[in-house]
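Structure first, then comments.
What you see is a predicted model; the values in this text were computed from it and never measured.
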Amino acid sequence: MFQTYFIKKDKEKILLGLKKRNFNKISIIDKIFFLDEKRKKLQSHLNKILEKENIISNQIGKILNSDLKNQFEIDFLKEKKLYLKKDKIIISDQLKKIIQKLKDNLDQIPNIPDEKVKKKSNDIIFQEKKYTSILDLEKPLPHWELSKKFNLFNLSLGTKICGSGFSVYMGKCAKLQRSLIQYFLDQNIKASYEEYVLPYLINENSAYSTGHIPEKKGQMYFIEKDNFYLIPTGEVPIMNFYRDKIFSYSDLPIRATTYTSCFRREAGSYGTKVRGLNRLHQFDKVEIIQIASSENSYDSFEEMILHVKNIIQSLKLPFRILRISGIDLGFSSAITYDFEVYSIAQKKWLEVSSVSNCTDFQSNRLKIRYKNKGKIKLCHTLNGSALALPRIIAVLLENNQTNTHINIPKVLIPYTGFDKIK
RNA sequence: GGAGAGAUGGCCGAGAGGUUUAAGGCGCACGUCUGGAAAGCGUGUACACAAAAGUGUGUCAAGGGUUCGAAUCCCUUUCUCUCCGCCA
């Protein structure tokens, strides 16, 4: 959510940015200006009424404390206040309504895409061509076939326990997942991200603050009895951990990482997209975030991109990095780079990480700020996956298969304790 | 889940209807003193909204209420602590 003064200051820039997103409800901008003017007038009016009320109350106090308790004067003042009270109720009621309307309208405006972001094309900005032809098999098997062969995971068991889109990992595959989590966390910690273990359930306020309500409400599981949502990503609890904080400039950037399960309803998904481990209602992910000053957030962004790149490279997977177009850009993000690994068996690119700079859009709701030379400014927030588990597992299995076994990447062997799955 | 006690600034803590100002301390920042430092001493020290500014308004967990006037009284909710129950 933007602050109105920002929209006023940079109206042209904002209109241009919204165009990139195919955002058509431009009239909202003028509506916001209108409502804001009205809000200011009502606010001033109300303040004046309150001031008068305070003055009268204090006058009464003074009279009662003096030796001459003039009842006539007190009654006169009380009556004067009665009129003010009536006005106050009317004005504050109007003000409340205007503020709510203003907020409803502001909530609808997404973040403005960065200059580099194009309207329609997802530009490939990096491609790792190594490791794309390491298999000499004629017909490499997709991971769901490999699973049958090597007893790796079981989706129908997940369905039995819960429903479709939930999987059960077994034996060495379970350990492979745990090893990857440990490996990712270790890499993140080494890059000075502080690790946290956080709640998987969040309240309404948290979901709103990161922009998942109202924008993505339908994607989240909701527990009615206690008014909790299941986290769709670790970004939500970890960002809310910092909600309402004011950092000093020298504390920034903040780097944090967390491993969580993620829960997504994925309503409307179908077909090969959801085959095997490609898309699940519950999956595991290691998340990284940074909180930066407005001047340095793009350095943080570059740093995160490089970090994720290094991890994927260490697993020796073919991958590419895409700069996401305005139309595909998430609501809170100004710029997003997606990392996709290539599945040789599925002949498909699968997204395993998405690194975004949300600039000050998210921090305005989160009220994460910093103080520099006495001035308080909104921080910039950044988030990314390092990395999402199921698709990494799928591609690791597929790209490292032979006729008789699956090889484990070298960097993981200290974690798994075995070098192949037979 | 039951019973009781609480929630006050960055932190500790007083304030228990009324002198338009939330005391005092700690911490922090600046100044002063010093060869340099510590200790002193002095000054400052929340956030939001409105205004060109002096300033005004709101915020004592949150939301309502009583009152001319609420941090203070009443109601509801949330959270914390203690005891009991249940429990990995």
Pairwise C1' distance, B:G6 and B:C60 [rounded to whole Å]: 14 Å
Nucleotide nearest A:Arg39 when distance is taken to its side chain, options B:U57, B:A46, B:A50: B:A50
Opposite nucleotide pairing with B:G40, Watson-Crick or G-U, both atom distances under 3.5 Å: B:U32
Ring center gap for A:Phe241 and A:Tyr196 short of 6.0 angstrom: yes
Interatomic distance where CG belongs to A:Leu77 and P belongs to B:C68 [whole Å]: 12 Å
Atom C1', compared across B:U66 and B:C73: separation rounded to whole Å: 8 Å
Under 4.0 angstrom between A:Lys80 side-chain N/O and B:C68 OP1 or OP2: no
Below 3.5 Å is the cut-off: list the nitrogen or oxygen pairs between protein and nucleotides 61-65 of chain B, distance only.
none

Separation of B:G10 P from A:Ile246 CD1 (nearest whole Å): 8 Å
Side-chain donor-acceptor contact under 3.5 Å, A:Thr257 with A:Glu195: no
Selected nucleotide, minimal atom distance to A:Ile376 side chain, candidates B:G69, B:A50, B:C47: B:C47
Side-chain donor/acceptor of A:Lys367 to backbone N/O of A:Asn364, under 3.5 Å: yes
Touch class at under 4.0 angstrom, heavy-atom based, for A:Ile56 against every strand present: nothing
5′-ward residue of the pair A:Leu82/A:Gly61 relative to RNA chain B: A:Gly61
Any-strand Watson-Crick or G-U partner of B:G4, both distances under 3.5 Å: B:C81
Nearest-Å distance for atom pair NZ/P, residues A:Lys48 and B:U55: 17 Å
Rounded distance in Å between the P positions of B:G54 and B:A71: 25 Å
Over 12 foreign heavy atoms within 6.0 Å of NZ, A:Lys80: no
Over-ring placement of A:Lys175 relative to A:Phe418, 6.0 Å and 45° cut-offs: no
Sugar-phosphate only, base, or nothing, as touched by A:Asn54 at under 4.0 Å among non-hydrogen atoms: sugar-phosphate
C1'-based separation of B:U8 from B:A3 [nearest Å]: 26 Å
Proximal nucleotide (of B:G18, B:C49, B:U57) relative to the A:Leu50 side chain: B:U57
B:U72 to B:G18 separation - P atoms, rounded to the nearest Å: 11 Å
Atom-pair distance (CG on A:Leu102; P on B:C49), nearest Å: 12 Å
Any strand: nucleotide that pairs with B:U21 via Watson-Crick or wobble, under 3.5 Å: none
Whole-angstrom distance between B:U59 and B:U43, as gauged at atom P: 30 Å
Validation row: A:His380, A:Cys358 side chains within 4.5 angstrom (heavy atoms): no
Length of the line joining A:Leu95:CG and B:G58:C1', which is rounded to integer Å: 11 Å
Rounded distance in Å - NZ (A:Lys85) to C1' (B:U67): 8 Å
Closest listed nucleotide, where the reference is the side chain of A:Asn47 and the choices are B:U20, B:G56, B:G69: B:G56
Residue A:Arg369, side-chain atoms from C-beta onward, closest of B:C68, B:A50, B:A48: B:A48
Residue whose nearest RNA chain B nucleotide is more 5′ - A:Leu46 or A:Lys62: A:Lys62
Polar side-chain atom of A:Ser297 near backbone of A:Ala292 as donor-acceptor pair, under 3.5 Å: no
Other residues, nucleotides, ligands: >12 heavy atoms within 6.0 Å of A:Glu115 CD: no
Watson-Crick or G-U wobble mate for B:C47, both contacts under 3.5 Å: B:G58
salt_bridge(A:Lys96, A:Asp93) N-O dist < 4.0 Å: no
Nearest-angstrom distance from the residue atom CG of A:Leu84 to C1' of B:U67: 16 Å
Under 3.5 Å on both distances, the Watson-Crick or G-U partner of B:C73: B:G65
Distance between P atoms of B:A16 and B:G31 (Å, rounded): 40 Å
Centroid-centroid under 6.0 Å between A:Phe283 and A:Phe263 rings: no
Check nucleotides 73-79 of chain B for protein N or O atoms closer than 3.5 Å to its own N or O atoms and list the pairs.
none

Whether over 12 other heavy atoms sit under 6.0 Å from A:Phe76 CZ: no
Strand partner of B:A14, provided both Watson-Crick or wobble distances fall under 3.5 Å: none
B:A22 versus B:G4 - spacing of their C1' atoms, nearest Å: 29 Å
Residue A:Lys371, side-chain atoms from C-beta onward, closest of B:G69, B:C47, B:U57: B:C47
Side-chain heavy-atom pair A:Glu287, A:Thr233 within 4.5 angstrom cut-off: yes
A:His45 NE2 to B:G58 P, straight-line distance once rounded to whole Å: 15 Å
